[in-house]
Amino acid sequence: NTFLVKFLSGLILGGVLMGILLRYLLHVPVEYGNDWMDSKYTQDPSLTDPSYLLSNQTESLRLNDPVVVLVHGFSVPSYIWDPTFELLSDKGYFVISLDLYGRGFSENVDEIYTDELFANQVIELLQKLNIDSAKFLGLSNGGRVISKIADINPSIVEELIYVASSGFKYVEELNDKSVSEIEVSNFIKNNYPTISEGQLLDFKYPEKHSGWDIKYEELLKYKGFAKALISTRKNHYTMDSIHIKIQNSDIPVSTIWGDSDQVVLYKDFEKRIDSILPKRKEFFILDSGHLPHMENPNEFNKILLSILN
């Protein structure tokens, strides 16, 4: 009887652990509505690893599947890549889209939010998935992250594709990068009332994207989000030396821009990017603001697939 009890207890415990493991390893594509923060896509709060989506609804990576990693921007998490995630999944790519720390369903860690923190988060995720290399797409601030990935571990980078990247600007680095409780409090007081509506400014035609601001409102409910944004901004620096290193490597580089982007102004760094990344392939998407993959998906998708192929 004692043996039977121990045996059954072992089975139950094993089942619980296996359930947690599968929940951690496998996240399948979802459709985000205004209730995207609900139980459709959750993570065990005891786990500190990033929340992420895998295409193909499978745990294992087929050997012949090319891998593409989608890295989101400054504050909007992985749902911003949904159209591209679906496109590439349908085209047979193994696609990974994750929430960086402090955003979406990833933990709001009590850390300094640097490019290196985010880059290592992505690298560690690939290691957990036993992926040796991938093509990386970085949107806006995500461009900084994929540059840092190439800086830390260039051997895992097959290609870099920057979409409306903010990583090519000159940045005056701050001496004091700490974030005080007063700063957080003031940020919430002064920015939270309008920050969601401000997301619509990413579009050239915001009236075509009704509900985009409402979706963002959910992010404001979580403690640590404001601190993550402040810390990320305070830890920016000019990345010229990293981009010169990439230029001198064999990594293919492409840049894609919306022709009407008012968030990242191309003219502010046109000469700089020409001098540090002269070998890049460059594309401009017509009739698009800061999110060309959403505003002109037909043109964007055609260009993206031509780059990847």
Side-chain angles (χ1 to χ4, degrees), residues 68-74 80-81 84 114-116 118-119 122 133-174 201-204 232-309:
V68 177
V69 180
L70 306 177
V71 182
H72 65 74
F74 181 72
I80 201 168
W81 274 124
T84 307
T114 62
D115 298 322
E116 185 173 9
F118 299 134
V122 178
S133 63
K135 300 173 186 287
F136 294 86
L137 271 73
L139 173 64
S140 192
N141 195 74
R144 298 183 61 90
V145 178
I146 66 173
S147 291
K148 191 60 182 178
I149 292 171
D151 180 44
I152 295 173
N153 194 347
S155 66
I156 69 170
V157 180
E158 297 176 13
E159 187 167 13
L160 294 171
I161 302 172
Y162 298 91
V163 181
S165 173
S166 61
F168 301 110
K169 299 185 294 184
Y170 170 78
V171 179
E172 189 167 343
E173 191 170 357
L174 299 177
L201 298 178
D202 286 351
F203 300 104
K204 182 176 182 178
T232 301
R233 184 71 76 195
K234 280 193 162 189
N235 281 279
H236 281 174
Y237 57 93
T238 304
M239 305 189 82
D240 285 4
S241 60
I242 292 176
H243 293 136
I244 292 172
K245 179 179 175 181
I246 292 171
Q247 167 69 21
N248 293 331
S249 73
D250 295 326
I251 299 173
V253 174
S254 298
T255 53
I256 305 176
W257 313 94
D259 68 341
S260 302
D261 192 340
Q262 298 300 308
V263 178
V264 174
L265 300 177
Y266 183 78
K267 63 181 179 62
D268 288 350
F269 53 83
E270 183 176 2
K271 292 182 179 179
R272 168 175 265 103
I273 193 174
D274 282 344
S275 66
I276 59 178
L277 284 175
K279 292 191 300 185
R280 76 192 186 282
K281 295 179 180 179
E282 189 155 71
F283 306 88
F284 290 88
I285 308 297
L286 299 176
D287 240 10
S288 299
H290 190 53
L291 305 177
H293 66 298
M294 296 181 65
E295 288 210 90
N296 192 341
N298 290 336
E299 185 177 350
F300 178 88
N301 293 345
K302 182 179 179 181
I303 289 173
L304 176 60
L305 291 175
S306 71
I307 294 171
L308 291 174
N309 292 334

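Residue numbers count from 1 along this sequence.
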Residues 138-162 vs ring pair (Phe, Tyr, Trp, His ring centres under 6.0 Å), sequence neighbours excluded, gives Tyr162-Phe168
Taken in chain and number order and not counting sequence neighbours, the residues that satisfy side chain to side chain contact (heavy atoms under 4.5 Å, CB included) with Ser249 are Ile246, Ile251
Which residues share a side chain to side chain donor-acceptor pair (under 3.5 Å) with His243, sequence neighbours left out: Ser147
Ignoring hydrogens and angles, tell me if any N or O in the side chain of Asp202 forms a donor-acceptor pair with the backbone of Gly289 under 3.5 Å. no
With sequence neighbours excluded, residues passing side chain to side chain contact (heavy atoms under 4.5 Å, CB included) with Glu173: Lys177, Tyr237
So which heavy atom on Gly143 is nearest to which on Ser165, and how close? CA-OG, 3.5 Å
Look up atom NE2 in His236 and atom OG1 in Thr238, then write down how far apart they are to the nearest 0.5 Å. 11.0 Å
Any residue meeting salt bridge (charged side-chain N to carboxylate O under 4.0 Å, His left out) with Arg233, in chain and number order, not counting sequence neighbours: none
Residues Pro292 and Gly258: closest non-hydrogen pair is CG-N, 4.1 Å
Any side-chain to backbone donor/acceptor pair from Asn296 onto Ser288? Under 3.5 Å, distance only. no
When rounded to the nearest 0.5 angstrom, what is the spacing between CG in Leu174 and CG in Asn235? 8.5 Å
Looking only at heavy atoms, the pair that brings Leu139 and Ala164 closest together is CD1-CB, 4.5 Å
To the nearest 0.5 Å, atom CG of Asp240 lies from atom CD1 of Ile276 at 4.5 Å
Compare every heavy atom of Val69 with every heavy atom of Ala134, then report the nearest pair and how far apart it is. CB-CG2, 3.9 Å
Heavy-atom closest pair, residues Asn141 and Phe74: CB-N, 3.5 Å
State, yes or no, whether a side-chain contact exists between Asp261 and His290 at a heavy-atom distance under 4.5 Å. yes
Heavy-atom closest contact (Ala150 atom, Leu160 atom, distance): CB-CD1, 3.9 Å
What's the spacing between Met294 CE and Trp81 CH2 if we round to 0.5 Å? 11.0 Å
Residues that Phe269 engages under ring-ring contact (aromatic ring centres under 6.0 Å, His included), provided they are two or more places apart: Trp257, Tyr266
Between the CD1 atom in Ile161 and the CD1 atom in Ile146, the distance rounded to the nearest 0.5 Å is 8.0 Å
If a pair satisfies salt bridge (Lys or Arg N to Asp or Glu O under 4.0 Å) and one of its residues is in residues 135-154, list it, with sequence neighbours excluded. Asp115-Arg144, Lys135-Glu159, Lys148-Asp151, Asp151-Lys245
Leu201/Gln262 under side-chain contact (heavy atoms from CB on, under 4.5 Å): CA gap, chis, key distance, verdict: CA-CA 8 Å; Leu201 298 178; Gln262 298 300 308; over 6 Å; no
Please round to the nearest 0.5 Å and tell me the distance separating atom CG of Leu137 and atom OG1 of Thr84. 7.0 Å
Once salt bridge (Lys or Arg N to Asp or Glu O under 4.0 Å) is applied, what residue pairs with a partner in residues 276-291 remain, sequence neighbours excluded? Lys204-Asp287, Asp274-Arg280, Arg280-Glu282
Residue pairs, two or more places apart or on separate chains, that pass salt bridge (Lys or Arg N to Asp or Glu O under 4.0 Å) and touch residues 292-309: none
What residues, two or more places apart in sequence or in another chain, satisfy ring-ring contact (aromatic ring centres under 6.0 Å, His included) together with Phe203? His209, Trp212
Contacts of Asp268 that satisfy side chain to side chain contact (heavy atoms under 4.5 Å, CB included) - sequence neighbours left out: Leu265
Residues forming a side chain to side chain contact (heavy atoms under 4.5 Å, CB included) with Asn309, sequence neighbours excluded: Tyr93, Leu305
